[in-house]
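A short worksheet on the structure shown next.
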Amino acid sequence: MVNTDTGTDTDTGTGTDSGWDGRGNRGNRGNRGGRGPHVPRNTPGARPAEAIPDRGVAAPDRGVARPGRRVAAVSLVALAALATGCEPGTATGAQDAPTAARATQAAAPSPTRTAPATEDAKPRTAPPPGPSASTAAPDPAPDPAPDPTTVRPAAPEPSTAPPPRVLMRTGSESDRVRELQARLRQIGHFGRTPTGYYGSVTADAVRSFQAKRSLPATGSTDEVTWQRLRAMTRVPTAAELRPPTERPVAAPDERCLKGRVLCISKNSRTLAWMIDGKVVSAMDVRFGSEYTPTREGVFEVFWKSRDHVSTLYDTPMPYALFFSGGQAVHYSADFAANGYGGASHGCVNVRDRKKVAALFDQVRTGDKVVVYW
């Protein structure tokens, strides 16, 4: 029941206040059963009592905004867009934003964008440079001055001069080879008696000499090697060119003291041609291997063959003096070239060709041969 005099609801049990005051704000929701606020009838902006909606009439939909509220909401969205830097067109009214404001916002650098850190980066103590300084390429560092201690001299140009002429090489045989061997022996590069034959032992001796003097170590004797060797040595004597033996001659066995005897010592590896206890000539010899040993004992020369060739081994046996079956004293080219690195098949090898040739002429058939230790 409405009191028309006061404009207030006098029914305390049926108050018509729905909590909506026309401005989107609720009334006193905590006093729904009490009386509503007293609004004088003649107060400006007050609603007539008849306009108060009945409880049975639904209140206006909360989702429907009034025109004034819609304009206010659009303005707030536009201001929010400008404040947060959103792209134009993301909210109604943002298209009308000033061009200068958008350009300023686009040019401003992002405050959270930083350069990625690396493992060997050092912490920066100064503030980072501006955008123009960070994008500019750094000036290239000047090349360091070359270190004079590391500069290598230019390689010399290869010589166009022809190589020196070779005078002696492996296979040569002459008196000049004998002189070469004697000169090498004077300075300790050739450790045996000169033979006049240029074999592997002589080539090794020449190679050793060349390497020690920083010459090309070819093993062949060219003009440069020969002149250098001659400048360091003297002219060999006759004894140096043709010594009796490389090794000292052993004391003769007592069986060699009488008559004409080829006295051959396995211990000293020498042969002494003796007549009545006197040494006429001596020479180096080598013997058979352990599989084909030279026989020991007392024998006699039963056959002489100047240009003999072995029918068993097809090997030349010049100046052969046979004393026991197929075993003989003879010249050996292998012994002259390789020395004691090899062995015979049982014969007594001599490496000095001239000496064994002279011995061949002096020995007669029936002369004694003694082989002993």
Side-chain angles (χ1 to χ4, degrees), residues 171 173-174 177-178 192-201 242-247 249-250 252-253 255-256 259-275 278-373:
E173 187 173 8
S174 64
V177 173
R178 185 182 293 275
R192 56 189 57 188
T193 300
T195 63
Y197 180 80
Y198 205 120
S200 61
V201 175
R242 292 178 171 81
T245 60
E246 179 183 351
R247 301 172 181 276
V249 178
D253 185 90
R255 293 171 292 183
C256 301
R260 301 163 58 94
V261 183
L262 292 173
C263 193
I264 303 171
S265 169
K266 283 188 172 182
N267 186 34
S268 65
R269 293 187 286 189
T270 57
L271 181 154
W273 167 234
M274 302 180 66
I275 299 177
K278 182 179 178 180
V279 176
V280 178
S281 64
M283 56 203 74
D284 297 327
V285 293
R286 73 177 184 182
F287 306 97
S289 67
E290 60 178 330
Y291 302 105
T292 56
T294 302
R295 303 181 186 97
E296 301 166 17
V298 178
F299 311 92
E300 64 179 34
V301 176
F302 66 90
W303 182 32
K304 297 173 57 177
S305 178
R306 185 178 296 272
D307 298 314
H308 190 79
V309 177
S310 171
T311 58
L312 184 60
Y313 301 105
D314 194 23
T315 303
M317 297 171 57
Y319 310 107
L321 301 170
F322 288 91
F323 61 88
S324 175
Q327 294 185 357
V329 175
H330 67 84
Y331 170 75
S332 170
D334 181 77
F335 183 28
N338 301 314
Y340 290 99
S344 73
H345 292 97
C347 291
V348 178
N349 291 161
V350 180
R351 62 179 173 187
D352 191 320
R353 189 181 186 101
K354 288 185 177 181
K355 284 187 176 182
V356 73
L359 179 66
F360 182 86
D361 291 337
Q362 297 176 32
V363 174
R364 306 175 214 169
T365 302
D367 288 343
K368 187 188 298 185
V369 178
V370 178
V371 181
Y372 66 100
W373 279 99

### Check: Lys368 and Val370 side chains under 4.5 Å, non-hydrogen atoms
yes
### Query
How far does CZ of Phe302 sit from CG of Leu321, to the nearest 0.5 angstrom?
10.5 Å
### Task
Give the C-alpha distance, both sets of side-chain angles, the deciding distance and a yes or no for side chain to side chain contact (heavy atoms under 4.5 Å, CB included) between Leu359 and Met283.
CA-CA 10 Å; Leu359 179 66; Met283 56 203 74; 4.2 Å; yes
### Query
Take atom CG in Asp307; do more than 12 heavy atoms of anything else shown fall under 6.0 Å from it?
no
### Query
Minimum heavy-atom separation for Ala328 to Met317, with atom names?
CB-CE, 4.4 Å
#### Entry: Nearest atoms (heavy-atom pairs only) where Arg286 meets Ser332
NH2-OG, 3.7 Å
### Query
Judged by atom type as modelled, is there a donor-acceptor pair below 3.5 Å linking the side chain of Lys266 to the main-chain atoms of Val371?
no
### Query
Do the two ring centres, one from Tyr331 and one from Phe360, sit under 6.0 Å apart?
no
### Task
Please report the C-alpha distance between Tyr372 and Ile264 in whole Å, then the side-chain angles of each, then the deciding distance to 0.1 Å, and finally whether the side chain to side chain contact (heavy atoms under 4.5 Å, CB included) criterion is met.
CA-CA 7 Å; Tyr372 66 100; Ile264 303 171; 5.8 Å; no
### Query
How close do Pro252 and Cys256 get, heavy atom to heavy atom, and via which atoms?
CB-CB, 4.3 Å
### Task
Start with the C-alpha distance between Val369 and Val298, add both sets of side-chain angles, then the distance that settles side chain to side chain contact (heavy atoms under 4.5 Å, CB included), and finish with yes or no.
CA-CA 6 Å; Val369 178; Val298 178; over 6 Å; no
### Task
Go through the steps to decide whether Val350 and Asp284 satisfy the test side chain to side chain contact (heavy atoms under 4.5 Å, CB included), and finish with yes or no.
CA-CA 6 Å; Val350 180; Asp284 297 327; over 6 Å; no
### Message
Under a 3.5 Å cutoff, is there a donor and acceptor pairing between the side chains of Asp352 and Thr195?
### Response
no
### Query
Under 4.5 Å between any side-chain heavy atoms of Thr294 and Val348, yes or no?
yes
### Message
Given 3.5 Å as the limit, does a donor-acceptor pair link the side chain of Thr365 with the main chain of Trp303, or not?
### Response
no
### Task
Rounded to the nearest 0.5 Å, what's the gap from CG on Asp334 to OG1 on Thr315? Could you check?
9.5 Å
### Message
In the structure I gave you, are the side-chain heavy atoms of Val301 and Leu262 within less than 4.5 Å of one another anywhere?
### Response
yes
### Query
Do Tyr197 and Val177 have side chains that get closer than 4.5 Å, going by heavy atoms?
no
### Message
Quick check: closest heavy atoms across Val261 and Trp273, and the distance to 0.1 Å?
### Response
O-CE3, 3.3 Å
### Task
Please collect all salt bridge (Lys or Arg N to Asp or Glu O under 4.0 Å) contacts where either partner lies in residues 309-332, sequence neighbours excluded, each pair once.
none
### Task
Enter the distance from Phe323:CZ to Glu300:CD here, rounded to the nearest 0.5 Å.
12.5 Å
### Message
Has Ser324 got a side-chain atom pairing as donor or acceptor with Gln327's backbone, closer than 3.5 angstrom?
### Response
no
### Message
For Phe322 and His308, take the angle between the two ring planes, folded into 0 to 90°, and tell me which bin it lands in: parallel under 30, tilted 30 to 60, perpendicular over 60.
### Response
perpendicular
### Message
Nearest 0.5 Å, please: how far is CD in Gln362 from CZ in Arg260?
### Response
8.0 Å
### Summary
Output for pair (Ser281 OG, Leu271 CG), nearest 0.5 Å, gives 7.5 Å
### Query
So, does Asp367 use its side chain to make a donor-acceptor pair with the main chain of Arg364 at under 3.5 Å?
yes
### Message
Between Ser344 and Gly288 (side chain of the first, backbone of the second, donor and acceptor by atom type, cut-off under 3.5 Å), is there such a pair?
### Response
yes
### Query
Does the Arg306 side chain pair with the main chain of Pro318, one donor and one acceptor, at a distance under 3.5 Å?
no
### Summary
So OG of Ser310 and NE2 of His345: to nearest 0.5 Å the spacing works out to 8.0 Å
### Message
To check you understand the geometry: which heavy-atom pair defines the closest contact between Cys347 and His330, and what is its length?
### Response
CB-NE2, 3.5 Å
#### Entry: Cation-pi, Tyr340 ring and Arg269 (6.0 angstrom, 45 degrees)
yes
